[in-house]
Participant: 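I am attaching a structure below and will ask some questions about it afterwards.
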Amino acid sequence: MTTFLISGGRGLVGKSLGNMLKRQGHEVYKLSRRPKKKGHIYWNPEKQRIDEKHLDKIEVIINLAGANIGAQKWSDKRKIELINSRVNSIQFLKQTASKMPKLNYFISASGINCYGYNTQVEKEESHEYGNDFLSELVKEWEIASNSFKEICPVAILRIALVVDKKGGALKKIMKPIRLGLGSPLGSGQQYLPWIHIKDLCRMFIHCIEHKKEGTFNAANGYISNQEFMKTISKKMKKPFFFPAIPKRILSFFLGEMSTMLTESLKVSNQKIKQNGFEFLFPDFDSAMAHIVKNED
Ligand SMILES: NC(=O)c1ccc[n+]([C@@H]2O[C@H](COP(=O)([O-])OP(=O)(O)OC[C@H]3O[C@@H](n4cnc5c(N)ncnc54)[C@H](OP(=O)(O)O)[C@@H]3O)[C@@H](O)[C@H]2O)c1
């Protein structure tokens with residue numbers, strides 16, 4: 001049995017990952033600014049406050065904390081919040097690590113949107129960061145995570161769009177489709193990397209169990225937006241005939257954030273496979289079939 005501390009553990013990924021770890025017999029504590037139940041530990045990285053009870057037991061930190069990228073338009077103020085909520089949280093966790101004598105591994109979330117967009121190349125972990133806002137955010141986030149190497153081994157998962165109907169982008173996308181309004185976004189030809197929530201949680205656990213170090217693309221694969229929207233509609237037994245929503249409309253309503261939906265990114269998942277990880281879902285069709293059937 002291992003004792004885990006998950007920062008941001010009350011979010012979409014933290015809930016599933018925490019449950020999977022508990023089912024395997026591990027002890028799981030979650031850091032939250034709003035602790036709700038047993039096992040939640042209060043912290044507030046902005047105010048540099050943390051309840052130190054239980055920290056002496058922690059062996060592995062899983063860092064998921066950060067203001068939600070898709071929750072609101074990226075004003076200049078919001079961009080600073082998105083970066084600071086990640087970088088400052090990790091720096092504060094690092095200061096707190098002196099209270100964790102048993103800590104022997106740190107693994108952090110990061111984002112797949114860090115390579116820039118619209119090249120035909122499948123991006124590998126060794127490729128350069130892009131020049132857009134998300135690339136800059138990921139770079140700073142990963143520098144902060146890698147600073148944990150002074151304390152223990154570090155792994156970073158560059159997470160693709162998480163496919164889970166309980167929340168995140170998919171839940172939002174399924175709403176209009178449920179009303180029969182399924183349509184491609186932008187040209188529909190742009191590629192979107194994705195990962196099933198179950199495979200993402202399994203990948204975290206794989207890295208932890210095998211003490212993997214380094215940065216890994218966390219994506220089952222990528223799919224064109226047209227196929228993505230069509231597959232969701234098909235699995236939900238809903239029509240898919242609405243005209244594509246033009247890029248300029250998405251840009252008007254979502255601002256710069258719309259680039260996550262309208263720009264194209266292909267990524268390679270060879271590195272994690274070469275490190276012994278096997279995906280459960282070989283393609284988006286099988287992933288969506290699982291999601292819609294509501295299997296656990
Ligand atoms: N879901 C995706 O599709 C996806 C894709 C790529 C990368 N990621 C990354 O993976 C991580 C986990 O994703 P998720 O979908 O589980 O995110 P989520 O549901 O938004 O949860 C993130 C958690 O971070 C905490 N948080 C928010 N603002 C914070 C702040 N200012 N300071 C400290 N903590 C803060 C919140 O915990 P409390 O309110 O309890 O404090 C929240 O529950 C995130 O960093 C996200 O950016 C997710």
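Indexing begins at 1, ligand by ligand and atom by atom, following the structure's order. These figures come from a predicted structure and were not determined experimentally.
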Participant: So, does Phe92 sit close enough to ligand 1 that a heavy atom of it is under 4.0 Å from the ligand?
Facilitator: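 For ligand 1, residue contact (heavy atoms, under 4.0 Å) with Phe92 is absent.
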Participant: With a cut-off of 4.0 Å, which atoms of ligand 1 are near a heavy atom of Ser32?
Facilitator: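 Near Ser32, the atoms of ligand 1 are 38 (P), 40 (O), 41 (O).
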Participant: Measuring from atom 5 (C) of ligand 1, which candidate in Gly8, Ala160, Gly111, Ser108 has the nearest non-hydrogen atom?
Facilitator: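 Residue with the shortest heavy-atom distance to the ligand atom: Ala160.
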Participant: With heavy-atom distances below 4.0 Å as the criterion, list the atoms of ligand 1 near Ser85.
Facilitator: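 Answer, ordered by atom number: 30 (C), 31 (N).
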Participant: With a 6.0 Å cut-off on the ring centroids, do Phe240 and Phe242 count as close?
Facilitator: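 Centroid distance Phe240-Phe242: not below 6.0 Å, so no.
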Participant: Among the heavy atoms of Ala169, does any lie under 4.0 Å from an atom of ligand 1?
Facilitator: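 Not so, Ala169 does not reach ligand 1.
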Participant: Are the side chain of Tyr105 and the backbone of Cys207 linked by a donor-acceptor contact shorter than 3.5 Å?
Facilitator: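 Yes.
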Participant: Return the closest protein heavy atom for atom 13 (O) of ligand 1 as residue, atom name and distance.
Facilitator: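 The closest one turns out to be Val13 CG2, 3.7 Å.
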Participant: Return a yes/no value for Ile159: is any of its N or O atoms, backbone included, closer than 3.5 angstrom to an N or O of ligand 1?
Facilitator: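 No - when backbone and side-chain N and O of Ile159 are compared with those of ligand 1, no distance drops under 3.5 Å.
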Participant: Counting only nitrogen or oxygen atoms and a 3.5 angstrom limit, does Ile69 reach ligand 1?
Facilitator: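 Not met; the criterion fails.
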Participant: Distance to 0.1 Å, residue and atom name: give those for the protein heavy atom nearest to atom 15 (O) of ligand 1.
Facilitator: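 It is Leu12 CB, 3.6 Å.
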Participant: Yes or no, since that's all I need: does a protein heavy atom fall within a distance strictly under 4.0 Å of atom 17 (O) of ligand 1?
Facilitator: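 Looking at atom 17 (O) of ligand 1, one finds that no protein heavy atom lies closer than 4.0 Å.
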Participant: Trp194 and ring-ring contact (aromatic ring centres under 6.0 Å, His included): which single residue from Phe228, Phe284, Phe281 fits?
Facilitator: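 Looking at Phe228, Phe284, Phe281, the match for Trp194 under the ring-ring contact (aromatic ring centres under 6.0 Å, His included) is Phe284.
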Participant: Leu64 heavy atoms, cut-off 4.0 Å: which ligand 1 atoms fall inside?
Facilitator: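 Answer for ligand 1: 11 (C), 12 (C), 22 (C), 44 (C), 45 (O).
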Participant: Can a donor-acceptor pair be found between the side chains of Thr259 and Glu256 at a distance below 3.5 Å?
Facilitator: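 No donor-acceptor contact under 3.5 Å links the two side chains.
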Participant: Do protein heavy atoms approach atom 48 (C) of ligand 1 to less than 4.0 Å?
Facilitator: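 False for atom 48 (C) of ligand 1.
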Participant: Nearest protein heavy-atom contact for atom 9 (C) of ligand 1: which residue, which atom, what distance?
Facilitator: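 Of the protein heavy atoms, Trp141 CH2, 4.0 Å lies nearest.
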Participant: Can you list the atoms of ligand 1 that are under 4.0 Å from a heavy atom of Arg34?
Facilitator: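 It comes down to these atoms of ligand 1: 39 (O).
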Participant: Could you tell me which atoms of ligand 1, counted from 1 in the order shown, lie closer than 4.0 angstrom to a heavy atom of Asn68?
Facilitator: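 The list of qualifying atoms is 20 (O).
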Participant: Indicate whether the side chain of Asn269 and that of Asn217 have a donor and an acceptor atom separated by less than 3.5 Å.
Facilitator: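 There is no such pair between these side chains.
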Participant: With distance as the sole criterion, is a donor-acceptor pair present between the side chains of Tyr42 and Arg34 under 3.5 Å?
Facilitator: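 Tyr42 vs Arg34: no donor-acceptor pair found between side chains.
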Participant: Measure from atom 7 (C) of ligand 1 to every heavy atom in Gly168, Gly9, Ser110, Gly14 and give the option owning the shortest one.
Facilitator: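 Nearest option to atom 7 (C) of ligand 1, by heavy atoms: Ser110.
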Participant: Taking the basic N atoms (NZ, or NE/NH1/NH2) and the acidic carboxylate oxygens, is any pair closer than 4.0 Å for Asp164 and Lys171?
Facilitator: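 Lys171 and Asp164: not salt-bridged.
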Participant: Would you say Gly66 has any N or O atom under 3.5 Å from an N or O of ligand 1, going by distance alone?
Facilitator: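 Yes; at least one N/O pair falls below 3.5 Å.
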Participant: Does anything in residues 258-276 form a salt bridge (charged side-chain N to carboxylate O under 4.0 Å, His left out)? List the pairs, not counting sequence neighbours.
Facilitator: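 The answer is Lys247-Glu263.
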Participant: Return the residue, atom name and 0.1 Å-rounded distance of the protein heavy atom closest to atom 21 (O) of ligand 1.
Facilitator: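 Minimum-distance protein heavy atom for atom 21 (O) of ligand 1 reads Gly11 CA, 3.4 Å.
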Participant: Under 3.5 Å, which donor-acceptor pairs do the side chains of residues 44-53 form with other protein atoms, sequence neighbours left out?
Facilitator:
{"unit_1": "Asn44", "atom_1": "OD1", "unit_2": "Glu46", "atom_2": "N", "d": "3.1"}
{"unit_1": "Asn44", "atom_1": "OD1", "unit_2": "Lys47", "atom_2": "N", "d": "3.2"}
{"unit_1": "Asp51", "atom_1": "OD1", "unit_2": "Lys53", "atom_2": "N", "d": "3.1"}

Participant: Can you name the atoms of ligand 1, numbered from 1 with element, that are less than 4.0 Å from a heavy atom of Ala67?
Facilitator: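 This gives 27 (C), 28 (N), 29 (C) as the contact atoms.
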Participant: In the protein, which heavy atom is nearest to atom 33 (C) of ligand 1, and how far is it?
Facilitator: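 Protein heavy atom at minimum distance: Ser89 OG, 3.7 Å.
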Participant: Between His127 and Tyr115, how do the two ring planes meet: parallel, tilted or perpendicular, split at 30° and 60°?
Facilitator: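 Judged by the thresholds at 30° and 60°, the geometry between His127 and Tyr115 is perpendicular.
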Participant: Give the atom numbers and elements of ligand 1 that come within less than 4.0 Å of a heavy atom of Val162.
Facilitator: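 Matching atoms, with element in brackets: 1 (N), 2 (C), 3 (O), 4 (C).
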Participant: Could you tell me whether the side chains of Ser268 and Glu124 share a donor-acceptor contact shorter than 3.5 Å?
Facilitator: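 Glu124 and Ser268 do not have a side-chain donor-acceptor pair below 3.5 Å.
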Participant: Where on Arg86 is there a heavy atom closer than 4.0 Å to ligand 1, on the side chain, on the backbone, on both, or on neither?
Facilitator: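 The answer is the side chain of Arg86.
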Participant: I'd like to know if the side chain of Asn118 pairs up with that of Ser264 as donor and acceptor (distance under 3.5 Å, no hydrogens or angles considered).
Facilitator: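 Ser264 and Asn118 do not have a side-chain donor-acceptor pair below 3.5 Å.
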Participant: With heavy atoms of Ala109 as the reference, note each atom of ligand 1 found under 4.0 Å away.
Facilitator: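 Result: 10 (O), 11 (C).
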Participant: Answer yes or no: does an N/O atom from Pro45 fall short of 3.5 Å to an N/O atom of ligand 1?
Facilitator: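 N/O-N/O distance below 3.5 Å does not exist for this pair.
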Participant: Consider only side-chain N and O atoms of Asn19 and Ser16, and report whether a donor and an acceptor are under 3.5 Å apart.
Facilitator: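 Ser16 and Asn19 do not have a side-chain donor-acceptor pair below 3.5 Å.
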Participant: Would you check if there is a donor-acceptor pair between the side chains of Lys57 and His54 at a distance under 3.5 Å?
Facilitator: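 Yes, because at least one side-chain N or O of His54 sits under 3.5 Å from a partner of the opposite role on Lys57.
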Participant: Among Met260, Arg33, Lys36, Lys166, which one has a heavy atom closest to atom 29 (C) of ligand 1?
Facilitator: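 Selected option, by shortest heavy-atom distance: Arg33.
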Participant: Will you find, in the side chains of Glu142 and Tyr129, an N or O donor that is under 3.5 Å from an N or O acceptor?
Facilitator: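 Their side chains do contain a donor-acceptor pair, which is all the 3.5 Å distance test asks for.
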